Each structure stands twice: as C-alpha cells, then as structure tokens.
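Here the structure is laid out as structure tokens; the discussion comes afterwards.
Letters go in sequence order (proteins before strands), and every chain restarts at 1. Remember, predicted model here, so these are calculated numbers, not experimental data.
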2 protein chains.
Amino acid sequence: METTSAINIGIVEDQVLFREGVKAILNNWDNFNVVFESADGHSVIEKLGKTTVLPDVMLVDLSLPPKDRKEFSGLHVTLALAELYPDMKVLILSVHDDENFITELVKHGAHGYLVKDSDPQELHDAIVSVHTLGSYINARTLKAIQSSMGRKVKAKKLLVNISPREEEILRLTCQQLTAEEIAEKLFISVKTVNGHRNNLLIKTGSRNVTGLVIYAIKNDIVSII
Amino acid sequence: METTSAINIGIVEDQVLFREGVKAILNNWDNFNVVFESADGHSVIEKLGKTTVLPDVMLVDLSLPPKDRKEFSGLHVTLALAELYPDMKVLILSVHDDENFITELVKHGAHGYLVKDSDPQELHDAIVSVHTLGSYINARTLKAIQSSMGRKVKAKKLLVNISPREEEILRLTCQQLTAEEIAEKLFISVKTVNGHRNNLLIKTGSRNVTGLVIYAIKNDIVSII
DNA sequence: TTAAAAACAGGTATAAATACCTGTTCCGCA
DNA sequence: TGCGGAACAGGTATTTATACCTGTTTTTAA
C-alpha cells in the first residue's frame, strides 16, 4: 500500500499525554499533518466550524468523558461527524476490545477501529488504509462484526434434522402466524400443526415458541433483516 | 504496509482466462506463490486434501457454477473452508456489488471481498491485508455491512418507548420463561406479567410472543450470540 | 404545581399453545 | 424384503398466552 499525498489528521482525545504522544508519532511520518485536536467531544463540532483545514482522518478516543450530565461520548462524536462531514474518515481509538463496542461504532459510521495498545506501525497502516481505501478493519474487528451479525458457521453443523414440513411450519410460526392460520395455509389440521410444533420443541430443546424463534434465527432458517 | 514472507495463494475460479490472468498478475509480484487452483467449488475440498502446501489465502469466485443440480457456490466453498481450514483466509472475488451478497459472505466467514473490476494494485493490497491483518474490507464493503446493520440503527430511533419493567419482562420472556415463572422471579402476579406483555404486544405491533422475540433481537434488547 | 400521560398492578374470559397420545406411510438398509 | 425409523397426520386434556378491562402510583410537561 502506498501513501500518496499528505494526509490531514485530527485527534479527539482527552488524555493530554496520549494525545501528545500520538501527535509526536504521527509527525515522525512525513506525509501526516496533525491539523486539528480537541480534548472533548463537545467542542469538536464547534471547533471544526472555525477551522479552515478540515482533517481527512479524525482519530476519536472512544472513552471521551461526558461533560456535565449529558453524554457525549466517542459514539456521539462519530455520529455527529458522519452526519456533518460525510467525507471525513473516523478512526476509533479505544482501550476496549469488547465486541459490542466495536460493532456499535462501526454500525454508526466509524471507518475503522483500533485498540490503543496497537504499535505505531498499525496506527500508520490504519490511517493510510482509512484514507485511501475508506476503511480499516483488522482481524479482531472483523470477528466482532461477524459474531454480531450472527455468524453461524459452527451451529450449521450441529443442526438437528428438521424435516421439510417442520421447517415450513417453523418459518410460518416465525411470521407470527397461529397454528390455526398455518393449518389453513397448508390445508392440514390444527392438531397436525401442533404435532409438528411439538416435535420441533423436542428437537431444538426448546420450551416454547420463544425458543423456536431464537433457534430459527440462530440457524438462518429465517432472517430478521 | 509491508509484505513480509512469501504468501501462498489458491484460486477457485471457473473462467479459465480470468484464472490465468490473475495467476499471471500474481506471479509478477515476487512474494506471491500460486500453489493451488480449481475450476469449481466441488473439487476444492477434495483437492485440498491431497495438497502438501496449503494456501494462506484462497481467492474464491463468488459465481462458481453449480455442478449438476446440487448447489455449491462460492458461499458454500467459503463455509466449507472456514470449517475445515480455519487459518486459511478467504478473499472473495465477485462481479456483484450487491449489499446482501457482500454481507452474507462476510457473515459466513469470508475475510475479504473484492469486485472483479478492481485494478491489480487493489488485488495486491487485498491479499497482503488479508494475510497480515486477517481481513480486507474496503469502503464499498464496509458500506454494505453498515447498511445491512443499519436497519437496526434506524429501528433504534423509531423505538417505541418500552418501560424498564416491560423491558425486563421482555428479556425474561426471550429466555423462554412462562408468565408464571416471570411473576415468581419478580414477585408480582401472573396477571401483571400478562398485562405488561399485552402492552408490549401493542407497543411493538406484534401479534404474539414470536413478534416480541423478533422485536427484542432486532432492537438489541436481547442478544442471540 | 397541577393535569395528563404513562408505568405499574391486578382481574376475567377466551384463544392458543403445549404435553402426550395413536396410526399410517415412506424410505434406507442389512 | 421386511424391519426400524422418521415424517406426517390427527386427537384429547391441560397449561399458557392473549384481549380487554379497572384502579393506583409515578413522571412529564404546560
């Protein structure tokens, strides 16, 4: 991957030492210009309005401290930046490697995610990647996204054998149809539908429809998208 | 991003010309070795079993033609590889830039996604990135993932106001507890639990628990992971 | 600082789902 | 080729969920 023209970088980070450290590291590379910095999420939008040189890439600390009572975390900064400056790339820096954290951020418009204990080379790659490719997602982040999307590669194998008829009834059940409605649709008796449902309960180890629905979603029998 | 040691690459692609073309391009770079190739999805697993040098990165054509009647597309190859060779990185090559296609693939274990009309440099970057970082997702792919996750975000905003008590009952309902069990757990009457459930049905526009469970999953009130 | 709204608790019928059965048919396999 | 197993269809009680109410308390906003 080649670094083309200079990249303007902004930093939103409350810890002074960390902020200065990152700045020092970034300035070690010729084509990185730190053109913006802010210590808290609240002032970011305000300060950006007064700036002539907008950052291409904004590094945002996830754990920005809420000012007053109102929450305005890295997530909110991300949301606001995505809304106001759609061309700006947001690269999250965080101490968390919690899957949910990562997924939430990416879902809300972050272009990349990096844990804070990454080495300088990783930071460099992430910035370049975010700038040139439009995103930076490493293996850890991808895994988080996949698991939050309900990747079910493993479970596919453990699938109990659901018969075609049972699957059909499961699918219709997930569409909030009652046994009676399913019976009408399939031209069979309500009792038969309930019979199949009971077999499904046993096969999937569920106690009631709730379990069936969750099973169906987990095993990609129905999609909730 | 620096290319470290040599990368062993496999190609699963039915179009001979395209396969040869990619091979020629890859061989132009010193540290890329094409060690495996296959024209269809079916023979991949079989052939891999007989191979001594396993590919680090497998390029998989998404639109592999189904052999006979049985479907065995790039998706199936991806699933099979993820299952059998968890360390192998799967990089999808596709003519489609359909969001659903991309998301499905990533969900099922692909480590990267690249449209076929990308230039050689992009292919190079993708292979290196998949190999060293464990993933390659460019702006287009990220957008697809985000938008497929995005429905959740929208729904979050349109969220009807579920009261804390209702959310609690919804959560327990999703754990396959009956109204009676929930009542015991919360030290309230079964009638009260049912009252809350009814309010939930109305608020979420559901017909029965099935709808509640799907609502809860869609809105991240419960996790199915 | 009160009205209004919403949360919370509970009640009564009724509809639906669940537990537990029987019998037939169809298919793989030894 | 006929045996075992599973799919499919149906039936009977019983349990559980749903529809539709009333009243009290707590929040919200004008």
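Of the residues in residues 175-188 of chain A, those placing a heavy atom less than 4.0 Å from an atom of DNA chain C are A:T178, A:A179, A:E180, in numerical order.
In this structure, the CD1 atom of A:I162 is 9 Å from the P atom of D:dA7, given to the nearest Å. Whole-Å rounding puts the B:L200 CG to C:dA7 C1' distance at 12 Å. For B:E168 and C:dC8, the CD to C1' distance is 12 Å, given to the nearest whole Å. With rounding to whole Å, B:N199 atom CG is found 16 Å from D:dA17 atom P. For A:L170 and D:dC8, the CG to P distance is 13 Å, given to the nearest whole Å. Residue B:I202 contributes atom CD1, which lies 14 Å from atom C1' of D:dA17 at whole-angstrom precision. In this structure, B:L172 atom CG and D:dA17 atom C1' are separated by 16 Å, rounded to whole Å. Computed from coordinates, the A:R165 CZ to C:dT25 C1' distance equals 14 Å when rounded to whole Å.
A salt bridge between A:E168 and A:R165 is present, with a side-chain N of the basic residue lying under 4.0 Å from a carboxylate O of the acidic one. A salt bridge links B:E167 with B:R171: the closest approach of a Lys/Arg side-chain nitrogen to an acidic carboxylate oxygen falls below 4.0 angstrom.
Partners of A:E166 according to the side-chain hydrogen bond (donor to acceptor under 3.5 Å, both in side chains) rule, which considers only residues two or more places apart in sequence or in another chain, are A:S163, A:K203. Every residue meeting the side-chain contact (heavy atoms from CB on, under 4.5 Å) condition with A:L54, not counting sequence neighbours, appears here in chain and number order: A:L48, A:Y85, A:M88. Listed by chain and number, the residues in a salt bridge (Lys or Arg N to Asp or Glu O under 4.0 Å) with B:E180 amount to none (sequence neighbours excluded). By the side-chain hydrogen bond (donor to acceptor under 3.5 Å, both in side chains) test, B:E184 pairs with no residue at all, sequence neighbours left out. With sequence neighbours left out, B:Q175 forms a side-chain hydrogen bond (donor to acceptor under 3.5 Å, both in side chains) with no residue at all. Every side-chain contact (heavy atoms from CB on, under 4.5 Å) that B:A126 has, sequence neighbours left out, goes to B:L91, B:L114, B:Y136. Considering only residues two or more places apart in sequence or on other chains, B:E37 meets the side-chain hydrogen bond (donor to acceptor under 3.5 Å, both in side chains) condition with B:R19, B:K23.
For residues 186-197 of chain B, the set of pairs meeting the side-chain hydrogen bond (donor to acceptor under 3.5 Å, both in side chains) definition, not counting sequence neighbours, comprises B:T173-B:R197. Pairs of residues two or more places apart, or lying in two chains, that qualify as salt bridge (charged side-chain N to carboxylate O under 4.0 Å, His left out) and include a residue from residues 43-59 of chain B are B:E46-B:K50.
B:L201 approaches B:R207 most closely through the heavy-atom pair CD2-C, 4.1 Å.
Contact annotation: B:S163 side-chain N/O to C:dC8 OP1/OP2 distance is under 4.0 Å. Here B:T192 does not reach the OP1 or OP2 of C:dA9: none of its side-chain N or O atoms lies under 4.0 Å away. A:H196 has a side-chain polar atom (N or O) that falls below the 4.0 Å cut-off from OP1 or OP2 of D:dA9.
Comparing the start and finish of the helix from C:dT1-D:dA30 to C:dA30-D:dT1, five pairs each, the helix axis swings through 60°, to the nearest 10 degrees.
Side-chain proximity of A:K191 to the nucleotides C:dA9, D:dG11, D:dC8 is greatest for D:dG11.
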Please tabulate, one pair per line, each protein N/O and nucleotide N/O from nucleotides 18-20 of chain C that are separated by under 3.5 Å, including the distance.
from, atom 1, to, atom 2, distance (Å)
C:dT18, OP1, A:V209, N, 2.7
C:dA19, N7, A:N198, ND2, 3.0
C:dC20, N4, A:N198, ND2, 3.4

